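Take a look at the structure set out below.
Per chain, numbering begins at 1; letters A, B, ... match sequence-line order. Model, not experiment: these values are computed from the prediction.
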Number of protein chains: 2
Amino acid sequence: MVKTMKGAAMELPLNQIIAGDSIEVMRSLPEASVDLIFADPPYNLQLKADLHRPDNSRVDAVDDEWDQFSSFAAYDTFTREWLAAAKRLLKPHGAIWVIGSYHNVFRLGAELQNQGFWILNDVVWRKSNPMPNFRGKRLTNAHETLIWASKEEASKYTFNYEALKALNEGIQMRSDWVLPICTGHERLKDENGDKAHPTQKPESLLHRVLVGTTNPGDVVLDPFFGTGTTGAVAKMLGREFIGIEREASYRAVAEKRLAKVRKYDSTALEVSRAKRAEPRVPFGQLVERGMLRPGEVLVSQNGKTAKVRADGTLISAEASGSIHQVGAALEGAPSCNGWTYWNFHREGQVVPIDVLRQQIRSEMR
Amino acid sequence: MVKTMKGAAMELPLNQIIAGDSIEVMRSLPEASVDLIFADPPYNLQLKADLHRPDNSRVDAVDDEWDQFSSFAAYDTFTREWLAAAKRLLKPHGAIWVIGSYHNVFRLGAELQNQGFWILNDVVWRKSNPMPNFRGKRLTNAHETLIWASKEEASKYTFNYEALKALNEGIQMRSDWVLPICTGHERLKDENGDKAHPTQKPESLLHRVLVGTTNPGDVVLDPFFGTGTTGAVAKMLGREFIGIEREASYRAVAEKRLAKVRKYDSTALEVSRAKRAEPRVPFGQLVERGMLRPGEVLVSQNGKTAKVRADGTLISAEASGSIHQVGAALEGAPSCNGWTYWNFHREGQVVPIDVLRQQIRSEMR
DNA sequence: TCGTCTTGTGAATCAGTAC
DNA sequence: AGTACTGATTCACAAGACG
C-alpha cells in the first residue's frame with residue numbers, strides 16, 4: 001500500500017519537469033493536490049518485445065490474433081494504472097482531459113467511465129490541415145478526440161462559460177474545435193533539424209482547454225509532458241504546472257522552451273465572468289434600503305401585477321411569496337427569474353428591478 | 001451452440017422488416033451473408049431530472065424504456081452479444097458502422113476491438129444545428145461519432161474513394177462530416193403530429209455511408225431499424241436491406257415510409273451537399289493561435305486603443321467586450337465592425353486585423 | 001406571391017447555496 | 001444528509017402567421 005500524504009503536508013514540485021515513469025511519479029505525489037490533468041498518453045507502446053500479459057508472462061509474437069488481444073490487455077492495464085494514479089492526485093472538484101485517436105481513445109473513454117470519472121464532453125479537434133490519406137483506402141483522418149471528465153459525478157468542475165463564449169464571438173462554444181496542427185516555427189526541432197517530438201500538440205489547443213477549464217493559479221499536471229506544450233501555455237496563462245517525462249531528450253527540449261516563455265500581463269488574463277459569480281442580493285434589501293416602498297406595485301412585461309410587502313415578499317390576486325415564486329405562479333411556469341420578470345414605475349418610465357440590484361452590486365465593489 | 005447455415009442454403013429475408021429482438025433475430029439468420037451492417041444502438045443516456053429551456057419550455061428528452069440499462073456492465077453485456085451476432089452475419093470482407101455519443105461510443109469502440117473487428121476510421125458527424133447547452137454548464141454537444149470497421153484486419157472492405165471525393169466537390173473526403181439533424185418534412189410524425197421516433201437519423205448521413213462503403217446490390221442490415229432511414233436510403237440507392245425492429249409502432253411507420261420510396265430519388269443527395277458559405281472566424285481564434293498575444297494593444301484609425309485579453313475580448317479605459325462592442329463604445333456608435341476598425345503593429349507597420357482573418361480563411365479552403 | 005416576424009424544437013448524462 | 005429556495009440559461013432552422 002502506498003503511503004499517502006495530505007495535500008499541505010508535502011510541497012508540490014511546481015513548474016518543474018520531473019524525470020521518471022508517469023505512474024511511479026504520480027504515486028509519489030500528494031493526493032488531492034491538482035486542479036486539472038491534461039494527458040496525451042502514448043498509444044503505440046512500442047514495447048512489442050517487452051509486452052506482458054496481465055499474468056506477467058511474456059508475449060513473444062504479435063502477428064496472430066491471440067497476441068492482438070493480449071496487446072489490448074496490456075494497453076488496458078497501462079491505462080488503468082495511470083488513470084488510477086491520476087485520479088488520486090485530483091482534488092475533489094478536479095477534472096481531467098485526455099486526447100487520443102481511434103486507436104486508443106475508446107479504451108481511454110471506457111476506462112474513465114469504469115473508474116467513476118464523469119464525462120462532461122467529448123471534444124473533436126478538427127484539424128484544418130491534416131495529412132491526406134495518400135493511398136485512397138480510407139477517409140482522411142482529419143481529427144483527434146479529447147475527453148473532458150470530472151473526478152466524480154458530484155464534482156463541481158471549473159467551466160468558464162463566458163470566456164469560451166467570448167472566444168467564439170458571443171456564441172456558445174461547441175464540442176467541435178477547428179484548429180490547425182502544430183507546424184512552422186511553433187514546431188520544435190532537434191539539433192539535426194528534425195521534429196523533436198512526433199505528436200507535438202498546438203498551443204492553441206491547450207490555450208482553449210486552460211482558459212475554459214482552469215482559473216489563474218490552478219495547478220495543471222501533464223503526466224506525458226513531451227516537449228511541454230501544456231507547461232508553456234500554463235505559464236503564459238498564469239497557471240502552475242507539473243510535468244512528468246521519461247525521455248531525457250524531450251525534457252531537454254521542454255526546459256529550453258519553457259525558459260523562453262513569458263507570462264501575459266494580468267489584465268490580459270482577466271476573463272469574462274458569469275453572472276453567477278456576482279454576489280447574491282436579496283430582494284428584501286431593495287425594500288429595506290427604500291429603493292422600493294412597501295405597497296408599491298410591480299408589473300411584468302405582459303401586464304401582470306403584484307404588490308411589494310414590507311418583508312420583501314410580493315402579493316398578487318393569485319399568489320404570494322418571493323419575486324420568483326409569484327412570477328412562476330402567475331405564468332404557470334416551473335420557475336421564474338423574478339429579477340428579470342418584474343418592473344417598477346419611476347417618473348413615467350417602466351424600469352426593471354434588476355437595475356436596482358446592479359446599483360447595489362456596484363456599491364459593493 | 002447455434003446451428004449455422006451456409007450463405008446460400010437459406011433464403012435471406014431481403015427488403016423486409018423483421019419483428020423481434022435484434023440478437024435473437026441475427027442469430028437465426030445465415031452466417032456470412034451480409035455485406036454491411038449499420039447499427040444505431042441505444043445510447044444509455046442516463047438522464048435524470050427534467051431540463052427546461054430559458055423560456056421555461058420543457059425539453060422532450062429521450063426517456064424511452066429501450067434506452068435504460070441498470071449499469072455499465074449490463075450495457076457491455078448487451079453490446080458484446082449484439083456485436084458478436086452481427087460479426088457472425090458479416091461476409092469475410094464485410095464491414096460495420098456503429099453510431100453513438102460519449103455516453104456509449106467508447107464502450108462500443110472498445111468492444112469492437114475486443115472482438116477482432118478492425119477499425120478503419122472514426123467519423124465525426126458535426127451537426128450544423130445541434131441543441132444548445134441551456135444551462136451554460138458544458139460545451140454544446142454538437143456532434144456524434146460513427147465507427148467504421150471491417151470484420152477482420154484482413155478484410156478487403158469496400159471503399160468508393162472516387163464517389164466520396166465527388167460528393168465532396170473533388171476533395172478527398174475527411175473524417176468529419178457536417179450535416180444537419182433530421183427536421184422538417186423528413187422528420188416522421190405520428191398520428192398526433194409528434195415525432196414518431198426520438199432519434200431519427202438524417203438520410204444524408206446514410207447516403208454518405210452507403211455511397212462510400214457499399215456497391216449496388218449489396219445486402220445492408222440494420223439491427224436497430226427504428227423508422228427505417230437505413231432501409232429507405234438503401235432502397236433509393238439500389239442496395240438490398242434487412243431491418244430488425246422490436247417496437248411495432250416504429251415498424252408501422254417504417255413500412256409506410258418504405259412503400260413510398262423510389263429507387264434513385266435524388267432528394268437525399270441534394271441535402272447531403274455541403275452548403276457553401278464564407279466560414280465565420282471568431283476573433284478569439286487569432287489569440288488562441290498566437291497571431292495576437294494577450295496584452296497586445298490594438299489601435300483604430302483615429303488613435304483609440306484597447307488591449308487584447310486571453311479570452312478574445314478587448315479592454316479599454318471605457319469599455320470591455322468583443323472587438324465590435326468596444327469599437328462601438330469608443331465611437332459612441334450603436335454598432336461597429338471590429339474587423340475593419342482595429343489594427344495591430346508588426347515590424348513598424350500598422351496592419352488591419354482582418355488580414356489575419358483572411359489568412360485563417362485561406363487555410364480552411 | 002413574397003418578405004418578415006413569431007413560435008416551436010432537437011440523442012442532454014445541464015445548479016448552487018442556505019438552512 | 002436532506003430539503004427548500006434562489007435565480008441563471010439558447011442556436012439553427014423550419015413552419016406558420018401576417019401583411
Side-chain angles (χ1 to χ4, degrees), chain A residues 93 113 117-122 148-150 153-154 156-157 159 161-162 165 168 170-175 274-284 312-313 321-325 327-328 333-342 353-354 357, chain B residues 40-64 66-69 72 99-105 125 127-145 178 180-187 189 193-195 197-202 224 226 271 275 280:
Chain A
H93 301 308
Q113 291 179 315
F117 287 95
W118 194 244
I119 298 182
L120 300 166
N121 280 114
D122 61 333
W148 174 39
S150 59
E153 183 177 356
K156 290 172 186 151
Y157 54 90
F159 182 56
Y161 174 75
E162 292 292 342
K165 192 171 167 178
N168 199 30
I171 294 164
Q172 207 172 65
M173 186 70 81
R174 300 168 38 119
S175 59
K275 279 191 199 151
R276 283 190 192 87
E278 299 281 325
R280 212 171 65 86
V281 176
F283 175 74
T313 59
S322 71
I323 53 172
H324 315 295
Q325 290 167 336
S335 70
C336 170
N337 184 345
W339 289 108
T340 54
Y341 183 77
W342 294 110
I353 61 170
D354 206 29
R357 182 169 66 161
Chain B
D40 182 13
Y43 285 13
N44 187 23
L45 285 188
Q46 308 166 63
L47 304 178
K48 296 185 178 77
D50 274 357
L51 178 65
H52 291 88
R53 298 185 179 81
D55 66 2
N56 271 324
S57 64
R58 186 176 155 276
V59 174
D60 184 17
V62 179
D63 52 3
D64 305 72
W66 50 255
D67 199 47
Q68 311 296 326
F69 292 83
F72 280 130
I99 180 167
S101 65
Y102 67 84
H103 310 81
N104 70 324
V105 78
W125 169 25
K127 301 179 185 183
S128 54
N129 50 347
M131 182 151 64
N133 185 295
F134 295 115
R135 308 300 294 266
K137 301 308 291 182
R138 302 181 178 191
L139 302 163
T140 305
N141 195 8
H143 73 277
E144 293 188 30
T145 302
V178 181
I181 60 176
C182 183
T183 57
H185 294 299
E186 191 187 326
R187 188 84 195 213
K189 304 292 196 307
D194 300 323
K195 57 189 177 193
H197 192 284
T199 71
Q200 186 183 340
K201 295 292 174 287
F224 308 100
V271 291
K275 287 177 188 166
R280 201 175 57 89

Please classify the nucleic acid contact of A:Glu162 as base, sugar-phosphate, or nothing, using heavy-atom distances under 4.0 Å.
sugar-phosphate
I'd like the C1' distance from C:dT7 over to D:dT10, given in whole Å.
15 Å
I'd like a table of atom pairs between the protein and nucleotides 17-19 of chain C - only N or O on both sides, under 3.5 Å - with the distance next to each one.
none

Answer yes or no: does a side-chain N or O of A:Ser322 lie under 4.0 Å from OP1 or OP2 of D:dT6?
yes
CZ of B:Arg138 to CD of A:Gln172: how many Å apart, nearest 0.5 Å?
12.5 Å
Could you please name the option among D:dT9, C:dG10, C:dA12 that lies closest to any side-chain atom of A:Tyr161?
D:dT9
Atom NZ in B:Lys127, atom OG1 in B:Thr140: separation rounded to 0.5 Å?
11.5 Å
Choose from C:dA11, C:dA12, D:dT9 the nucleotide whose nearest atom is closest to any side-chain atom of A:Lys275.
D:dT9
Report yes or no: is there a donor-acceptor pair, N or O only, under 3.5 Å between the side chain of B:Lys195 and the base of C:dA11?
no
Check the distance between C:dA12's C1' and B:Arg58's CZ and give it to me in whole angstrom.
12 Å
Quick one: CG on B:Leu51 to CZ on B:Arg135, what's the gap to the nearest 0.5 Å?
6.5 Å
Select one nucleotide: of C:dT9, D:dA15, C:dG10, the one nearest the side-chain heavy atoms of B:His185.
D:dA15
Is a donor-acceptor contact shorter than 3.5 angstrom present between the side chain of A:Ser335 and the base of D:dA8?
yes
Students often get this wrong, so: under 4.0 angstrom with heavy atoms, is B:Thr199 touching a base, only sugar-phosphate, or nothing?
base
Of all heavy-atom pairs between B:Asp64 and B:Pro198, which one has the smallest distance, and what is that distance?
OD1-CG, 3.5 Å
Assigned chi class of C:dT13 under the 90° convention is syn
Near DNA chain D, which residues from residues 134-145 of chain B have a heavy atom under 4.0 Å away?
B:Phe134, B:Arg135
Can you figure out which of D:dC11, D:dA8, C:dA12 approaches the side chain of A:Arg357 most closely?
D:dA8
What's the closest nucleotide to the B:Leu51 side chain, out of C:dA12, D:dT9, C:dG10?
C:dA12
When the P atoms of C:dA11 and D:dA15 are compared, how many Å lie between them, rounded to an integer?
15 Å
To the nearest 0.5 Å, what is the distance between CG on A:Asn121 and OH on B:Tyr102?
6.0 Å
Among D:dT9, C:dA12, D:dA12, the one nearest any side-chain atom of B:Pro54 is D:dT9
Is B:Pro41 touching bases, backbone alone, or none of the nucleic acid, heavy atoms closer than 4.0 Å?
base
Gap in Å between the two C1' atoms, one belonging to C:dT1 and one to D:dG16, rounded
16 Å
Looking only at side chains, do B:His103 and B:Ser101 share a donor and an acceptor under 3.5 Å apart?
yes
Should we say atom NZ of A:Lys275 is surrounded by more than 12 heavy atoms from elsewhere, each under 6.0 Å from it?
no
Counting the benzene-type ring for Trp, do A:Trp148 and A:Tyr157 have ring centres under 6.0 Å apart?
yes
Sugar-phosphate, base or nothing in reach of B:Cys182, heavy atoms under 4.0 Å:
nothing
Could one point to a donor on the side chain of A:Trp339 or the base of D:dT6 with an acceptor on the other under 3.5 Å away?
no
DNA chain D in dot-bracket, Watson-Crick or G-U pairs under 3.5 Å, [ ] crossing, | other strand?
.|||||....|||||||||
When the P atoms of C:dT17 and D:dT9 are considered, how many whole Å apart are they?
14 Å
Can you figure out which of D:dC11, D:dA12, C:dA11 approaches the side chain of A:Lys165 most closely?
D:dC11
B:Tyr102 over C:dT13, stacked by centroid distance under 5.5 Å, angle under 30°
no
Among C:dC14, D:dA8, D:dT6, find the nucleotide with the atom closest to the side chain of A:Gln325.
D:dT6
With a 4.0 Å cut-off on heavy atoms, is B:Val105 in touch with a base, just the backbone sugar-phosphate, or nothing at all?
nothing
Measuring from the side chain of B:Leu47 (C-beta onward, heavy atoms only), which nucleotide among C:dT13, C:dG10, D:dT6 has the closest atom?
C:dT13
On a whole-Å scale, what distance lies between the C1' atoms belonging to C:dA12 and D:dT6?
23 Å
What's B:Asp60 touching, base or sugar-phosphate or nothing? Going by heavy atoms closer than 4.0 Å.
sugar-phosphate
Mind listing the closest non-hydrogen atom pair of B:Asn56 and A:Ala333 along with its distance?
ND2-CB, 3.4 Å
Using every non-hydrogen atom in the two residues, find where B:Asp67 and B:Tyr43 come nearest and quote the distance to one decimal.
OD1-N, 2.8 Å
Donor-acceptor pair present, B:Arg53 side chain and C:dG8 base, under 3.5 Å
no
Winner on side-chain proximity to A:His324, out of D:dG7, C:dT13, D:dC5, is D:dG7
It should be established whether B:Asn133 places a side-chain nitrogen or oxygen under 4.0 Å from OP1 or OP2 of nucleotide C:dC14.
no
